[in-house]
Number of protein chains: 2
Amino acid sequence: MNYQNLLSSINVTFDSLNKSEKKVAGAILDDPEAATRSSIAILAKKAGVSEPSVNRFCKRFDTAGFPDFKLKLAQCLVSGVKFVNSNVQLNDNVFKYTPKIFDNAIHDLVAIKNQIDSSIIEKVVDQLLKARRIFFFGLGTSGAVARDAENKFFRFDLPVSFHVDVLTMRMLSAAAKPGDLFFMISHTGRTKAIIDATDDARGNGAIVVGLTTPGSMLAKKSDLAIEVLVSENTEEYMAMTSRIVHLVILDVLATGFILSKGPEFLNHMEKINLSLKPTRYKQ
Amino acid sequence: MNYQNLLSSINVTFDSLNKSEKKVAGAILDDPEAATRSSIAILAKKAGVSEPSVNRFCKRFDTAGFPDFKLKLAQCLVSGVKFVNSNVQLNDNVFKYTPKIFDNAIHDLVAIKNQIDSSIIEKVVDQLLKARRIFFFGLGTSGAVARDAENKFFRFDLPVSFHVDVLTMRMLSAAAKPGDLFFMISHTGRTKAIIDATDDARGNGAIVVGLTTPGSMLAKKSDLAIEVLVSENTEEYMAMTSRIVHLVILDVLATGFILSKGPEFLNHMEKINLSLKPTRYKQ
DNA sequence: GCATATTTTGTAATAAAATTACATAAATTA
DNA sequence: TAATTTATGTAATTTTATTACAAAATATGC
């Protein structure tokens, strides 16, 4: 757990806490600064629970105990990530909206980090390792994510491409074969072209991985779905945090892929990195 | 005494401390991070003094006692402290590397949020509002960022395009005119094609904004530079956090643009969002 | 240089705080 | 509704920090 965001973590996991843990969380969120200055007895009293309940609460958040928890809480207060009232307002000036946009992204990354099902990640990495070919499909915002994914995965010594053209998507999924992996990126998970391609590709025996919102059509139709639930309020001003989270998840998958390939694979990648040298001015 | 500078306070006043206080100061300065995790007994032993000497040392630095001292020491370490254990290791399994990748992204977003110069953001927003045309240039990873930027800014009712082709870049910058805004995205800030285009575009009276690393060639040559310093250790496994930060900064710029346009501009954007409805299955 | 005051430091006792073990209560499941 | 699991509190224990006081060490004045 990242101590820079202990507060966000508490906030994010609040609903999954049990009764007395919720009381403790409430007492801390009510005035985190005061919590760092309290003894376990004082905080227990404020929360209306016993001292061991506070202690158990601390351990649940991966801290060694109450003193360690206070320390990390104090540290996360320094960085000052706000998690409430982080919505951009019409009359915000640059000093107000800038940290808010950052906070939204940070908050959602913390949330997904805590929610993500690593066993799904593991399964997807396995499929990526097995795949004969990989296609990344995405439209609109997710098109940029697909492009970024291709920019990473093409280094992996197997045929990788990304597609943002619905006609090409149709043709490729119609011609899908076992051994192909179609990686579908769609925040809504309802984009017709993506869903149609999913049906076609699976019908032809290819594996489909969906990166999408929980319970969406795409999530249901994919062989493996990586489900990402982000805050709803970021779309109005187009600071869609879902794509940020998607990119980080693709980083995770790429990392898993490289680690599975073993250390000598890093040489192969270094060769690719070195190829860029002549494109840059020396400094 | 300001607890944000507790460490430097210890450093500065070192000479005026008495013998055992010097020993304590030495033990803390030697490894401040470890000090925050020690009990008073352990630190006393390390310093070779008695426990009350440590306690007196703490009180000399205007803290309530040892626990309070540790808290404030931990807080003053936050800004500088590196994520020592957040680097992916070769033998990490999925449950280890997944949170690490997230933590790296989160850490850098928090860092940049606290460092970013909002007045530069404001100036860039002003230029975006004034621009007659906007070009986003980026190569490789930054190409995906440029594409994402275009996907946002094309909604703003002015000619916007992104380019990932160096020949097109040359032609466009050669044909640049006053009123044009060239938005250059380059993490290294040394990519030849981008630097050359920057020179050409500025020579022709266009405004150039650079999104790059501090002090880079691009930063120096741009009219306005948004400088982003991220951790160095994320490139080996290609989880480049710089692009994540770049995307969030483009979100900030887009938000600034929309807010400056006023509330009626949201209607225009809503129209664009509604246009996507027929492309999706109902759920 | 020696007696006296002052400061520094440690020992031991005390107090405070946190943690653990265990028992009871609540909630869930069959 | 009984059995099982989970959640929670009480009380004992342990750890940790602080205080009071005495002994050194150092400094000061004669």
Side-chain angles (χ1 to χ4, degrees), chain A residues 1 3 6 9-10 13-76 114, chain B residues 1 3 6 9-10 13-77:
Chain A
M1 183 149 319
Y3 62 79
L6 190 49
S9 294
I10 296 172
T13 53
F14 189 89
D15 289 335
S16 70
L17 301 173
N18 57 41
K19 222 187 294 176
S20 59
E21 283 171 340
K22 276 203 180 78
K23 288 184 195 168
V24 178
I28 292 166
L29 292 173
D30 174 55
D31 189 351
E33 225 283 311
T36 66
R37 282 179 281 105
S38 306
S39 71
I40 196 166
I42 290 170
L43 188 62
K45 199 177 172 192
K46 181 180 175 187
V49 300
S50 68
E51 298 181 26
S53 288
V54 175
N55 193 259
R56 280 187 284 259
F57 176 89
C58 297
K59 288 182 174 168
R60 179 182 255 266
F61 286 91
D62 283 348
T63 62
F66 187 68
D68 187 43
F69 178 89
K70 277 201 294 189
L71 208 83
K72 286 167 179 169
L73 182 63
Q75 288 186 313
C76 103
N114 287 315
Chain B
M1 199 160 299
Y3 66 80
L6 189 49
S9 294
I10 296 172
T13 54
F14 190 88
D15 290 335
S16 69
L17 300 173
N18 58 43
K19 222 187 292 176
S20 61
E21 283 171 340
K22 275 200 179 80
K23 289 184 194 165
V24 178
I28 292 166
L29 293 173
D30 173 55
D31 188 351
E33 225 281 312
T36 66
R37 283 180 281 107
S38 306
S39 70
I40 195 166
I42 290 169
L43 188 62
K45 198 176 173 193
K46 181 180 175 186
V49 300
S50 68
E51 298 180 25
S53 288
V54 175
N55 193 260
R56 281 187 284 261
F57 176 90
C58 297
K59 288 183 174 168
R60 180 180 256 267
F61 286 91
D62 283 349
T63 62
F66 186 68
D68 186 41
F69 178 87
K70 277 202 293 189
L71 207 83
K72 287 169 178 170
L73 181 62
Q75 287 188 312
C76 99
L77 289 176

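Each chain gets a letter, A, B and so on, in the order its sequence line appears, and its residues count up from 1.
Note: B/Lys70 NZ to B/Cys58 SG = 9.5 Å, rounded to the nearest 0.5 Å. Distance CG/A/Leu43 to CG/A/Asn55: 11.5 Å, rounded to 0.5 Å.
Between B/Arg37 and B/Glu33 there is a side-chain heavy-atom pair separated by less than 4.5 Å. The shortest side-chain heavy-atom distance between A/Phe57 and A/Ile28 falls under the 4.5 Å cut-off.
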Legend entry - salt bridge (Lys or Arg N to Asp or Glu O under 4.0 Å) between B/Asp31 and B/Lys46, worked out: CA-CA 11 Å; B/Asp31 188 351; B/Lys46 181 180 175 186; 5.3 Å; no
Inset, instruction - Do nucleotides 5-20 of chain C as a string where each nucleotide becomes B, S or -: B if the base has a protein heavy atom under 4.0 Å, S if just the sugar-phosphate does, - if no protein is that close. - result: ---SBBB------SSB
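By the 30° and 60° cut-offs, the orientation of the rings of B/Phe69 relative to B/Phe66 is parallel.
Counted by atom type alone, B/Ser50 and B/Ser53 present one or more donor-acceptor pairs between their side chains at under 3.5 Å.
Terminal axes of the helix from C/dG1-D/dC30 to C/dA30-D/dT1 (five pairs each, C1' rotation axis) are separated by 20°, to the nearest 10°.
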